[in-house]
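Written below as structure tokens is the structure these notes are about.
Below, chains carry the letters A, B, ... as their sequence lines are ordered, and counting in each starts from 1. These values consider heavy atoms only, across backbone and side chains, with no hydrogens, waters or symmetry-generated copies.
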There are 4 protein chains.
Amino acid sequence: MARMKDESKRATILQSSKMLFSHKGFYNTSVSDIVKETGLPVGTIYTYFRSKDEIIQDIVKEGWEEFYVRLERALRETPSPEERLRLLIDEFIPELLGDLDFINILLSEALSYTRIEEKIEKITDLVFKLLTSLAPDSLGLAGLARRDIEALLAIFFIGILNAVKLARTSSIDMSTEDILGAVKKVIRNSLRIAL
Amino acid sequence: MARMKDESKRATILQSSKMLFSHKGFYNTSVSDIVKETGLPVGTIYTYFRSKDEIIQDIVKEGWEEFYVRLERALRETPSPEERLRLLIDEFIPELLGDLDFINILLSEALSYTRIEEKIEKITDLVFKLLTSLAPDSLGLAGLARRDIEALLAIFFIGILNAVKLARTSSIDMSTEDILGAVKKVIRNSLRIAL
Amino acid sequence: MARMKDESKRATILQSSKMLFSHKGFYNTSVSDIVKETGLPVGTIYTYFRSKDEIIQDIVKEGWEEFYVRLERALRETPSPEERLRLLIDEFIPELLGDLDFINILLSEALSYTRIEEKIEKITDLVFKLLTSLAPDSLGLAGLARRDIEALLAIFFIGILNAVKLARTSSIDMSTEDILGAVKKVIRNSLRIAL
Amino acid sequence: MARMKDESKRATILQSSKMLFSHKGFYNTSVSDIVKETGLPVGTIYTYFRSKDEIIQDIVKEGWEEFYVRLERALRETPSPEERLRLLIDEFIPELLGDLDFINILLSEALSYTRIEEKIEKITDLVFKLLTSLAPDSLGLAGLARRDIEALLAIFFIGILNAVKLARTSSIDMSTEDILGAVKKVIRNSLRIAL
DNA sequence: AATGAATGAGTCTTCATTCAT
DNA sequence: TATGAATGAAGACTCATTCAT
């Protein structure tokens with residue numbers, strides 16, 4: 001094995017910490033746990049990150065940005081509203097829900113580092129635009145104001161993330177597929193659209 | 001003959017801890033914070049609770065039981081399904097959503113002490129029964145299987161709790177009223193029922 | 001069951017504490033362990049004993065006095081030196097060695113409460129007198145001065161107690177009978193006396 | 001590159017703790033006593049030892065090993081049995097008995113950390129071999145079986161340690177020299193050997 | 001006299017971060 | 001730059017004893 005490149009050390013720290021924060025929780029993971037997991041010296045951790053806090057912040061920030069940027073671009077590059085919805089529902093959402101470690105961290109303790117409200121606002125905006133481009137009338141018919149829709153989107157988004165977390169973390173009898181399936185049906189029914 | 005255990009001291013500890021856990025988080029609240037807040041000596045904390053863990057467990061357990069028992073009784077004693085739904089939506093849910101400290105703790109770090117999946121299962125069951133008693137047909141017509149409904153109820157319940165938390169805790173532009181209003185509209189639309 | 005007489009409460013405390021101190025050690029036994037074991041309230045412990053220290057002191061003091069007084073009387077009342085030696089070796093020593101809890105406490109941590117040097121001096125004196133009454137010549141012949149004999153008696157006495165403790169407490173391959181048997185042979189050889 | 005673990009700090013901790021454990025007892029010595037005695041910060045104690053327990057274990061282990069290894073080697077390298085006995089009695093035993101702190105710890109509370117039965121077994125074996133190489137016949141003549149001799153050696157070894165401890169720790173009228181002198185005479189008499 | 005809640009100094013240990021090497 | 005020993009405030013919890021009832 002050749003000497004690791006620096007960027008790869010940073011990635012190692014991020015990856016090991018993500019796993020540890022997800023499994024043990026942020027406060028129950030010590031910097032020395034990260035040291036053990038990565039095999040790197042403590043000092044090295046601190047040449048890449050200013051603090052333990054910064055590690056979780058960067059995990060969330062980079063994980064989210066990577067996801068969000070791709071999502072935004074894909075939507076921008078897809079002209080058909082129906083196709084955009086399909087992309088969101090069949091590709092991006094399942095991908096997000098597949099990364100349980102990321103969800104765990106996003107919803108974890110240390111929410112102050114996680115800034116989940118920003119993510120919700122962004123996703124909510126984005127989906128709101130998608131919906132209005134898709135089916136302005138049926139939404140109006142349902143008697144839902146913009147505020148209502150935004151609230152519902154927020155509830156849905158964070159509800160889905162939490163439900164997936166619980167489905168896979170607790171003994172509750174529910175799978176990610178159940179969740180995704182139910183959501184799809186609701187969307188189809190609400191929008192009278194075949195997915 | 002000796003001093004009797006003082007229920008009011010126990011309540012003080014529970015109440016102060018609830019506030020602290022909610023505001024600062026469980027792991028960022030030290031037993032000595034509780035000591036300062038209550039004005040009681042450390043030893044006294046430990047004559048009423050075996051550990052810091054037990055405090056959060058009891059906050060959740062007692063808060064939930066008190067709520068759930070009343071809810072169950074009220075539903076049992078209310079013959080009309082429509083009235084039962086009204087009770088749930090106009091009385092119990094707003095009451096639960098009004099106790100932000102309790103929500104914060106329920107959703108907090110230390111989920112292992114919180115056992116939120118149990119609460120979700122119970123509420124989900126209860127609401128599922130209520131829905132089927134209310135509008136078996138329209139639910140069937142919507143093409144939703146039992147599994148779907150259960151998943152959606154879970155998403156809704158935990159989504160609402162989280163949304164309220166975010167609405168009041170973060171800078172997001174959304175109020176508890178927005179959330180409750182939107183939820184009511186969805187229910188009305190879904191069930192074709194006036195609330 | 002009738003109400004316990006007071007003296008019997010004191011005895012209960014002494015007996016439970018003896019067992020606990022022996023099994024768990026003095027410093028690893030808390031007053032609350034004694035409370036649990038006896039079933040008596042803490043306050044009661046402190047109406048019979050001024051402190052935890054006093055409990056171990058009284059266990060040792062009373063256990064020793066009871067033993068020593070009987071031993072002294074028996075020796076006083078037995079005219080024949082040979083018979084006195086037999087009494088010591090066949091009755092009193094085995095009895096003492098049979099009470100492992102007492103030995104454990106006598107040799108325990110908290111030696112300052114135990115005052116074992118007093119016991120050694122007393123036993124040493126007593127046995128020294130017995131020996132000189134028995135076989136003044138052979139002892140002289142062995143070239144042992146009084147100081148030597150006293151030292152040897154001390155070594156023997158405390159060595160035997162410790163050996164028995166280890167024999168029964170550790171995995172060492174040695175029994176109380178081995179110890180007693182060996183000691184008897186030494187005495188017989190040294191004094192040229194049949195036992 | 002970074003500071004290297006400082007063997008002298010470790011030695012300081014061991015030495016100060018040995019003194020403290022010997023004088024005040026293991027359970028009556030707090031880690032903060034060690035901090036005061038060494039002048040080192042608490043954290044540093046824990047970079048050299050995992051726990052307070054480990055400190056006493058290492059004191060005993062290293063003290064014993066150092067002694068036992070030298071003893072074994074010296075005996076191995078000494079061809080004459082008489083000279084081996086002299087070495088043991090005139091050099092090693094006095095040396096061991098001279099380290100009162102070590103004896104105190106070896107016999108202390110916390111016997112579980114001390115594992116004195118192992119030491120007794122080893123010393124007993126070693127001396128047993130020495131004795132049989134020295135005077136197989138006279139031992140046989142004395143009518144002592146192997147089991148007897150082993151028991152006596154154990155009694156003697158631990159008896160001597162305890163006697164020395166008491167001689168120097170309590171007000172008892174006995175000195176280390178008395179003890180050693182008496183033991184020598186017994187050996188000389190038993191084995192009919194001039195020392 | 002009997003009781004057991006109250007007390008708070010003290011226990012051992014951890015841990016994020018720094019900084020000498 | 002890389003390293004990992006050093007640091008000490010802070011952590012949760014204990015416990016012998018007291019004293020209000």
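Put simply, CG on B:D6 is 16 Å from P on E:dG4, counting in whole angstrom units. As rounded to whole Å, 11 Å separates atom P of E:dG10 from atom CG of D:D33. Atom-to-atom, CG of B:N28 to C1' of F:dG11 comes out at 12 Å; the value is rounded to the nearest Å. Here E:dC19 presents its P atom at 19 Å from CE of D:M4, a figure rounded to the nearest Å. Straight-line distance from the NZ atom of A:K52 to the P atom of E:dA16: 5 Å, rounded to whole Å. Spacing between atom CD1 of C:I55 and atom P of F:dC15 amounts to 15 Å, rounded to whole angstrom units. E:dC12 atom P lies 13 Å from atom CD1 of D:I56, rounded to whole Å. Between the C1' atom of E:dT13 and the CD1 atom of D:I34 lies a distance of 13 Å, rounded to the nearest Å.
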**Prompt:** How does DNA chain F read in dot-bracket, base by base from 5' to 3', with Watson-Crick or G-U pairs under 3.5 Å and | used when the partner is on another strand?
**Reply:** .||||||||||||||||||||
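No side-chain donor from either of B:S51 and B:D53 sits under 3.5 Å from a side-chain acceptor of the other.
Near DNA chain E, meaning a heavy atom under 4.0 Å away, the residues from residues 37-51 of chain D are D:V42, D:Y46, D:S51. Only D:K9, listed by number, bring a heavy atom of residues 8-27 of chain D to less than 4.0 angstrom from any atom of DNA chain F.
Checked against a 6.0 Å centroid threshold, the rings of C:Y27 and D:F26 do not count as neighbours.
Ranking F:dA5, E:dC15, E:dG4 by closeness to the A:S30 side chain, first place goes to E:dC15.
Considering all non-hydrogen atoms of both residues, C:T44 and C:I13 come closest at O-CD1, 4.4 Å.
Looking at which nucleotide of DNA chain F each of B:T29 and D:K5 is closest to, the 5′-most match is held by D:K5.
Every salt bridge (Lys or Arg N to Asp or Glu O under 4.0 Å) that B:E62 has, sequence neighbours left out, goes to B:R10.
Below 30°, between 30° and 60°, or above 60°: for C:F67 and C:W64 the angle between ring planes is between 30° and 60°, a tilted geometry.
Sorted by first and then second residue, the salt bridge (charged side-chain N to carboxylate O under 4.0 Å, His left out) pairs involving residues 16-28 of chain B (not counting sequence neighbours) are B:K18-B:D99, B:K24-B:D33. Residue pairs meeting the ring-ring contact (aromatic ring centres under 6.0 Å, His included) criterion with at least one partner in residues 35-62 of chain D, sequence neighbours excluded, do not occur; the list is empty.
Put simply, the side chain of B:K52 gets close to the backbone of B:T29: a donor and an acceptor are under 3.5 Å apart. A donor-acceptor contact shorter than 3.5 Å links the side chain of C:T38 to the backbone of C:L40. Under a 3.5 Å cut-off, the side chain of D:T114 and the backbone N or O of D:I116 do not form any donor-acceptor pair.
Residue A:K61 places its NZ atom among 12 or fewer non-hydrogen atoms of other residues, nucleotides or ligands, all under 6.0 Å distant.
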